[in-house]
Amino acid sequence: MTGFFQRNGIAISTYLILAVVFWVVLMIVLPQAYMLDFSFRNNLPPAKIGGPEDVYTLSNYRYLVFGSPGSADAFNYLHLQVFLRTIIASIFVTLIDFALCYPIAYYIAQVAKGGFARSMILLLILPFWVNEILRAFSFRILFGTSGVINAVLQSLGIVDQPIDFLRADVALYAGLSYAYILLMVFPLYNAIESLDHNQIEAARDLGSPWWRIHWRVVMPHAKPGIASGCTLVFMLSAGALAAPQILGGPSSLWFTQIIYRWFNTGGNWPQGAAYAIVLLLACLVFVLAVMRLFKISLGEIAR
Amino acid sequence: MSADVELDHVTIRFGEFTAVKDANLKIEDGEFFSFLGPSGCGKTTILRAVSGFLEPSDGEVRIGGKNMRGIGPNKRPTALIFQNLALFPLMSVADNIAFGLEVRGVGKAERRKRADELLDLIALDGQGDKKVGELSGGQKQRVAIARALAVEPKVLLLDEPLSALDLKLRQHMRTELRAIQQRVGITFIYITHDQGEALTMSDRIAVMSQGVVQQIGTGSEVYENSQTAFVASFVGENNPFTGKVAAVDGQHALIDTSFGRLRGRNLRGLSAGSEAMLFVRPESLGLVNGQGAADNVIESTVLHSEFEGSFFSVFLRGDGGKDIVMSMTNSGNLPEFHEGAAARVGFRADRAVVLPVGEVADE
Ligand SMILES: Nc1ncnc2c1ncn2[C@@H]1O[C@H](COP(=O)(O)OP(=O)(O)OP(=O)(O)O)[C@@H](O)[C@H]1O
Ligand SMILES: [Mg+2]
């Protein structure tokens with residue numbers, strides 16, 4: 001600690017420590033603590049807050065699992081289903097992004113060095129200057145029943161009736177995958193770029209087919225990058241709101257949409273907080289479990 | 001299948017730049033063959049053409065008589081040891097060695113057995129479970145060799161594999177490499193810019209400069225009978241004297257230099273009047289006493305001398321205005337060389353070569 005102060009000087013050290021503490025406490029710990037607190041409370045009108053009914057309760061969590069006490073079903077099937085579906089769909093989006101981005105990242109990082117690689121990266125970034133809402137709506141135009149894709153398919157005579165991509169959730173998957181593609185490409189690119197090209201050639205020289213080179217040499221080396229890319233995409237997909245709102249089919253809800261309704265139209269903050277906490281914890285547990293499975297430590301992800 | 005390697009008029013261009021010009025040679029099965037040349041002369045490029053990472057722009061690479069064009073590096077009977085070794089850091093030593101077998105679908109137990117055998121060969125027995133990072137430089141070197149040998153290549157290609165090691169280890173590994181080659185009996189193609197390595201290990205050496213193979217021969221041929229000014233100046237130390245051929249006398253040529261008329265072997269059949277260079281090695285020079293029986297005599301002054309243990313290097317300023325190096329073996333009763341003293345040195349015509357004027361390697 002004294003070494004830290006000596007190295008950076010009193011002023012800078014103090015600033016650094018305060019900034020980090022401020023960041024962690026004010027931006028992360030406090031709001032989440034409030035949410036956690038909320039989630040265990042009853043939804044009371046302002047007048048009753050602090051009164052005798054303002055006690056801690058598990059009812060908000062119970063509601064997610066079992067539904068309202070008066071309902072006929074044993075479980076809250078609707079919400080649980082949406083929850084499960086959100087997690088599974090997010091896994092899908094993550095896999096799609098990985099499948100799309102790994103070849104691109106490999107190509108830019110190991111095959112096309114220099115100017116061409118730089119212009120490819122630029123091409124990847126440029127679309128993200130357009131804001132998220134605009135991008136989502138442009139996907140609606142692309143995938144709508146009278147959209148560009150259907151028009152092309154029909155004019156080519158491949159289909160006679162337009163396909164409802166929105167209802168089939170194709171637009172949603174496409175939109176979500178597209179939204180987080182950069183968060184996958186860059187960690188992958190960084191990780192693959194640091195691999196000595198000679199190792200790839202050595203593997204090839206020893207007779208390895210291309211897929212085994214990736215499986216045994218490139219991917220193990222890029223594992224931290226793969227982990228951080230997948231974690232980011234999975235977490236953000238599961239927590240996305242705009243894309244599901246705009247691109248999701250009428251019958252398919254995203255868990256965040258339910259949370260949003262509790263907070264917003266439902267006006268039930270404690271209930272929304274409980275749902276949000278469950279989503280957060282589920283995502284964390286899932287990610288940690290997968291990392292455990294692939295023997296990746298948290299430190300590696302931050303590399 | 002025999003594994004001779006032929007380069008048939010191989011030319012390799014990168015855009016406008018020609019990295020290898022018309023290399024034409026045949027490396028015999030089981031030979032230890034070296035390419036020797038300064039940095040950037042195209043050695044790695046030749047090796048990559050043999051291993052299949054690039055195709056010659058013109059000409060053919062043949063291994064065992066078979067044209068290799070269109071056959072990728074994973075399908076050629078060669079194995080390459082990279083300049084930086086390129087071991088797989090995330091695999092154990094044994095997995096590194098067995099990687100080529102894994103690729104070929106060899107079962108786990110069999111792989112391990114082969115890896116252990118190879119670890120024996122490179123004197124690293126029992127260290128198969130270590131991580132690559134836990135090995136010393138020389139051990140990594142040997143693991144790289146074992147990994148390449150595991151796939152039983154017909155030809156082993158080595159790209160300056162010792163350059164990262166310190167001097168002692170490098171000298172030790174020379175002997176080791178040569179011994180391994182004799183044990184496995186396959187063709188080794190070795191690349192180096194270190195003439196000591198090339199001379200000590202190789203059956204034959206190809207000396208290269210700027211993409212051109214200048215001379216091919218055994219170490220002593222290249223050293224004693226250098227065919228070009230570049231080879232004479234790059235391989236070992238040499239004293240060059242520039243001049244014009246005055247006359248040809250049987251096997252010898254007489255060349256007029258600033259030191260007067262000197263005589264040397266006319267290896268390239270130069271005729272009178274052509275521009276030429278005479279090269280004489282430091283160890284071929286000696287003091288001339290009294291009348292002197294040497295074919296060539298040079299009057300000079302001692303600049304300084306260096307004691308190198310087994311021999312002395314004496315630096316002389318010739319009366320013709322040029323610095324000359326002479327080395328004398330330490331026989332125990334060497335004369336003393338005082339700075340500024342006059343010295344008469346000479347050499348036998350048979351110990352000097354007269355070559356056409358050409359590019360000279362800078363020290
Ligand atoms: N892929 C390439 N594109 C363009 N030029 C290249 C390429 N590879 C090699 N060269 C050029 O060809 C020449 C020979 O390179 P090479 O790597 O064969 O030299 P080298 O003899 O192995 O040198 P060193 O001892 O430094 O390794 C160099 O001038 C180099 O710049
Ligand atoms: Mg090289």
Side-chain angles (χ1 to χ4, degrees), chain A residues 102 105-107 109-117 187-230 291-303, chain B residues 44 47-54 71-92 95-106 111 114-115 118 131-132 140 143-161 164:
Chain A
Y102 181 83
Y106 178 78
Y107 187 79
Q110 288 289 343
V111 184
K113 299 239 169 185
F116 185 61
L188 287 183
Y189 170 79
N190 275 333
I192 297 176
E193 214 255 343
S194 64
L195 175 65
D196 172 16
H197 192 69
N198 282 345
Q199 283 191 28
I200 297 171
E201 294 200 333
R204 200 146 89 88
D205 189 61
L206 290 167
S208 182
W210 63 268
W211 60 266
R212 195 188 288 272
I213 296 179
H214 285 282
W215 183 244
R216 292 286 275 141
V217 178
V218 185
M219 283 191 189
H221 175 85
K223 210 162 72 171
I226 295 174
S228 71
C230 288
M291 278 169 52
R292 185 82 186 254
L293 191 68
F294 288 101
K295 300 196 178 70
I296 304 160
S297 69
L298 265 180
E300 280 180 285
I301 288 194
R303 233 174 31 186
Chain B
T44 298
L47 211 63
R48 289 175 70 79
V50 175
S51 59
F53 285 106
L54 58 85
I71 300 178
N74 48 349
K75 299 271 190 285
R76 293 194 185 189
T78 59
L80 177 59
I81 293 175
F82 288 77
Q83 212 157 348
N84 68 351
L85 305 185
L87 294 174
F88 306 125
L90 299 177
M91 297 181 201
S92 71
D95 282 352
N96 260 279
I97 294 175
F99 183 79
L101 302 173
E102 182 190 326
V103 164
R104 283 159 180 75
V106 176
R111 284 206 308 261
R114 279 290 293 147
L118 283 158
K131 287 247 178 63
V132 170
K140 281 186 192 147
V143 171
I145 294 166
R147 182 178 71 173
L149 290 177
V151 301
E152 296 180 354
K154 301 269 185 339
V155 183
L156 193 67
L157 310 168
L158 304 98
D159 190 352
E160 308 206 26

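Chain naming here is simple, since letters A, B, ... match the order of the sequence lines and numbering starts at 1 in each.
In this structure, A:H197 NE2 and B:F82 CZ are separated by 8.5 Å, a value rounded to the nearest 0.5 Å. Distance CG/B:N84 to CD/A:Q199: 8.0 Å, rounded to 0.5 Å. Here CG of B:L80 is found 8.0 Å from CD of A:E201. Values are rounded to the nearest 0.5 Å.
Heavy atoms closer than 4.5 Å to chain A are found in both the backbone and the side chain of B:F88. With a threshold of 4.5 angstrom between heavy atoms, B:R76 does not approach chain A through any atom at all. Using a 4.5 Å cut-off between heavy atoms, B:Q83 does not touch chain A at all. Residue contact with chain A, scored on non-hydrogen atoms closer than 4.5 Å, is absent for B:I81.
When every heavy atom of B:V103 is checked against every heavy atom of A:P209, the shortest pair comes out as CG1-CD, 4.0 Å.
Interface summary for chain B: among A:P220, A:S208, A:A203, the most heavy-atom pairs under 4.5 angstrom belong to A:S208.
Two residues are said to be in side-chain contact when any heavy atoms from C-beta on lie closer than 4.5 Å; A:D205 and B:F53 meet this criterion.
Of the possible polar contacts, none joining the A:N198 side chain to the B:A86 backbone as a donor-acceptor pair under 3.5 Å is found.
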